[in-house]
Amino acid sequence: MSKATDSRIARSASEGSAGTTLPSDSRDASAVRPVDPVSADTMPDSTGDDAQPGLSPEDAALMSQVLDKLYSPALDPSTLPELLDLWERMIAPQWHGPEGTAKGGLRGLLARSSLPRHIRQVEDLLLKAIGQSNRRAEDLALMPYRMTVALTLDRQMRVTGVSRAAHDRLGISRGVALSGLHLKREDLRAISRAAVELFRTRAADAPPLPSLIRARTEKDGQAVLVSLHLCRPDRHPPFVLMATTETHWTANALARLRDTLGLSQAELEVLTALAKNHSLAEIADLRGRSLNTVRTQVKSLLAKTETSSQADLMRLALTSVPISAPDAPLDTAAMISGRVARAGLELPELPFQVLYRPDGRSVDFLEFGDPNGRPVIYFCANFGMCRWPADGEFTAGQTGLRVIVPIRPGYGGSTPLPLGIDRAQAVAEDVIALMDRLDIPAAHCLVLDEDMPFAARLHAIAPDRVLGVLGCGASLPFLRDAQYQRMGRWHRFVLGTARFAPQFLSFASRAGFAMARQLGKAEFVRLIYSGSPSDVATTRSPRIFDALECGTEILMGEGVDASDAYIEDTRVFHVTDWHQEFRAMADSVQVVAMIGSDDQAVAPETVGEYRVDFPQVRIIMVQNAGIFLLFQHCFEVLRQLEELMHLTKA
């Protein structure tokens, strides 16, 4: 890596990524040292550890060029295409190099180079970049208020973020107007006036003091203190944080608070009542005790908490709410989305339903169509395409289809799987549990993209539950290396890496995620699928792209990052050996595969090989279609699904 390039990267990092971690000159391959400020001296030097002495001159020169471009995507994701050509020139020829030859194949190349160390460090940068881009300023501001009803407001007095307690306790979700809160009308007007005054403060002025308003609930007139604070995050419009004394105490939080402060149960109840803004007289009345008894308990609380006044005790009661441990981990996606698949231009809003599993996980799922219709389990791909175009969802209902969409672990609000768990097995078991919950003995499966391994595993462990399978732009097992070489450029980069260099899959995937967030979904699709005219056209169809935009929120929406789940799904398809399970399923039930002529993952030659490798599968080539075949030809897909159902009735 040249010194000039080092200086450019260091300068870019210091200007745009302060506090990030850049590669050091440490000989420890796993060491990542924080460097601040960043300087060229901290970057790898081709005259030192990165001279690649074990490589041939040709490989060393190519490796140097790769390292020269490697860090750029972490600092500027739009530069990733510049790396792709070099990456392919270096990695692809090594996919099949015999390990015993002078070159030693990919394993030998990696053993003689510093590339793995640099990849790990670039991935560290990408993780930080993705994490920072995912977290909305409003959600960061609300993090301390997990158990307190709190929300954020924009200048139009609309809710832009909600705490977990606000969602769980009061059903508040993003997008509602301040007037929709269940407080007295005059109190809402007072809150609105105070918030407007805060917004009028100029950025150059001293930060205004928080406003404190005593409000009352609409239902029972209970007093609630409301604090309004103006937030001016960097590179983000200002918003007002509205925190209340309305709390959501869980059993675990109460126990933690009691044990931490050494309180009796009676004292704990008095403290929580104070946190709800009850007066001592109200507390005495609520608890059926005399006022003197309550005062004695307050004195005991003052002594145990080492506070000097009732006001200090009140502050302690309020601040103890967010630090008390909740019963379950914070579900950020649920907090942000309100567990609703958002509406689009024509798509209606759909509520996520939840299936709770014995291991403590929760699994989100959607339903649309006819609630009493013929069930279809829809595997919505690792891109999270959980919605259909509006006319497709409407037609599903009109033709008597009940579409059930399991949201896999790590996507949207579904709990991620612990490390080391067989993902295909867990997903299949989740689907079986969901079918049991919905009283569905058996169903047909509609499978997209790389989801066929999950349908195959479902059939392997519960063959009677699968009536038939329709693959829609779904890849079958790749049994030949050449099938990867025929893929489009970007697919070779990610999927070829998954197959032949799985240790680099995380880097390749996260680089793509970072670029997608920077470019936006439409521009990202146009770039990645540039070789597929039909897929590019989806970005210019409001109805189709509306479904893609809304559905993929579970993958990459505001505050949602399912990159880990995407990586694990990709491993299931390309790293594990699942073709025997697929063969067994295709031998047992009817499997139909609709494949688009423009599909960047499945070339026409690959389709011909599919016919040889899997003669029991009925393959239908669809012209002017790509990976988004379901969205481009929704009515033809529904027609084929109807035909499959007619042939394979339970």
Give the C-alpha distance, both sets of side-chain angles, the deciding distance and a yes or no for side-chain contact (heavy atoms from CB on, under 4.5 Å) between Gln640 and Ile620. CA-CA 10 Å; Gln640 291 292 341; Ile620 302 171; 3.4 Å; yes

N/O donor-acceptor pair under 3.5 Å between Thr538 side chain and Asp535 backbone: yes

Less than 4.5 Å apart, any side-chain heavy atom of Tyr378 and any of Leu630? yes

Would you mind reporting whether Leu401 and Glu642 have side-chain heavy atoms less than 4.5 Å apart? yes

For the residue pair Val431 and Leu458, what are the closest heavy atoms and their distance? CG1-CD2, 4.0 Å

Going by heavy atoms in the side chains, are Pro409 and Asp430 under 4.5 Å from each other? yes

For residues Gln425 and Arg457, is any side-chain donor paired with an opposing acceptor at under 3.5 Å? yes

Taking the side chain from Ser163 and the backbone from Ala166, do they hold a donor-acceptor pair closer than 3.5 Å? yes

Give me the atom names and distance for the closest heavy-atom approach of Pro615 to Val612. CD-O, 3.5 Å

Taking Pro389's backbone N and O only, do any of them form a donor-acceptor pair with Glu393's side chain (distance below 3.5 Å, no angle check)? no

Is any side-chain heavy atom of Phe573 less than 4.5 Å from a side-chain heavy atom of Asp451? no

To the nearest 0.5 Å, what is the distance between CZ (Arg402) and CD1 (Ile377)? 8.5 Å

Determine, stepwise, if the pair Glu553 / Lys521 fulfils salt bridge (Lys or Arg N to Asp or Glu O under 4.0 Å). CA-CA 10 Å; Glu553 289 290 289; Lys521 293 178 184 177; 3.0 Å; yes

Ring of Phe454, cation from Arg408 - is the NZ or CZ under 6.0 Å from the centre and inside 45° of the axis? yes

Between Ser362 and Leu355, is any pair of side-chain heavy atoms under 4.5 Å apart? no

Could you go step by step and tell me if Val376 and Cys445 meet the side-chain contact (heavy atoms from CB on, under 4.5 Å) rule? CA-CA 6 Å; Val376 177; Cys445 296; over 6 Å; no

Heavy-atom side-chain proximity of Ile567 to Phe507 below 4.5 angstrom: no

With distance as the sole test, does Trp388 use its side chain to make a donor-acceptor pair with the main-chain N or O of Ala547 at under 3.5 Å? no

Residues Ile404 and Pro375: closest non-hydrogen pair is CD1-CB, 4.1 Å

Pairs of donor and acceptor atoms involving the side chains of residues 462-475, under 3.5 Å and at least two apart or interchain, shall be tabulated with distances.
unit_1: Arg465; atom_1: NE; unit_2: Pro441; atom_2: O; d: 2.6
unit_1: Arg465; atom_1: NH1; unit_2: Asp436; atom_2: OD1; d: 3.2
unit_1: Arg465; atom_1: NH2; unit_2: Asp436; atom_2: OD1; d: 2.9
unit_1: Arg465; atom_1: NH2; unit_2: Ile440; atom_2: O; d: 3.0

Let me see the working for Phe614 and His579 under ring-ring contact (aromatic ring centres under 6.0 Å, His included), right down to the final yes or no. CA-CA 10 Å; Phe614 308 106; His579 79 279; 7.7 Å; no

Exercise: identify the closest heavy-atom pair between Ser530 and Val536: CA-CG2, 3.9 Å

Verdict with supporting geometry, Thr395 and Leu638, side-chain contact (heavy atoms from CB on, under 4.5 Å): CA-CA 9 Å; Thr395 303; Leu638 291 176; 3.8 Å; yes

CG of Asp439: more than 12 outside heavy atoms within 6.0 angstrom? no

Is there any side-chain hydrogen bond (donor to acceptor under 3.5 Å, both in side chains) pair reaching into residues 590-603, and which pairs are they, with sequence neighbours excluded? Ser534-Asp598

Does the side-chain contact (heavy atoms from CB on, under 4.5 Å) test come out yes or no for Leu548 and Phe628, once each step is laid out? CA-CA 9 Å; Leu548 293 173; Phe628 303 123; 4.0 Å; yes

Between atom CG of Leu347 and atom CD of Glu549, what is the distance when rounded to the nearest 0.5 Å? 11.5 Å

Short side-chain donor-acceptor distance under 3.5 Å, Ser414 and Arg361: no

Are side-chain heavy atoms of Glu367 and Leu438 found at a separation under 4.5 Å? yes

Listed by chain and number, what are the ring-ring contact (aromatic ring centres under 6.0 Å, His included) partners of His491, not counting sequence neighbours? Tyr529

Straight-line distance of Ile619 CD1 to Arg611 CZ, nearest 0.5 Å: 5.0 Å

Backbone N or O of Val354 within a donor-acceptor pair of the Arg437 side chain at under 3.5 Å? yes

Could you check whether Asp569 and Tyr411, counting side-chain N and O atoms only, form a donor-acceptor pair closer than 3.5 Å? yes

Report the residue from His633, Arg639, Gln632 that forms a side-chain hydrogen bond (donor to acceptor under 3.5 Å, both in side chains) with Glu636. Arg639

Does the plane of the ring in Tyr610 sit parallel, tilted or perpendicular to the ring in Phe478? Use 30° and 60° as the thresholds. parallel

Considering non-hydrogen atoms only, spot the tightest contact between Arg423 and Val572 and give its length. CB-CG2, 4.0 Å

Between the main-chain N or O of Met585 and the side-chain N or O of Ser588, is there a donor-acceptor pair closer than 3.5 Å? no

Backbone N or O of Val602 within a donor-acceptor pair of the Thr606 side chain at under 3.5 Å? no

Could you pull out the closest heavy-atom pair between Pro81 and Arg489, with the gap in Å? O-NH2, 2.9 Å

Do Ser506 and Arg510 get their side chains close enough for a donor-acceptor pair, meaning under 3.5 Å? yes

Go through Arg480 and Asp613 one step at a time and tell me if the salt bridge (Lys or Arg N to Asp or Glu O under 4.0 Å) criterion holds. CA-CA 10 Å; Arg480 295 170 168 81; Asp613 295 334; 2.4 Å; yes

Using 0.5 Å steps for rounding, measure from the CZ atom of Phe631 to the CZ atom of Arg543. 14.0 Å

d(Phe383 CZ, Asp449 CG) to nearest 0.5 Å is 6.0 Å

Would you say that Leu366 contacts Gln353 through its side chain, given a criterion of any heavy-atom pair below 4.5 Å between the two side chains? no

What is the distance from atom OG of Ser509 to atom CZ of Phe504, rounded to the nearest 0.5 Å? 13.0 Å

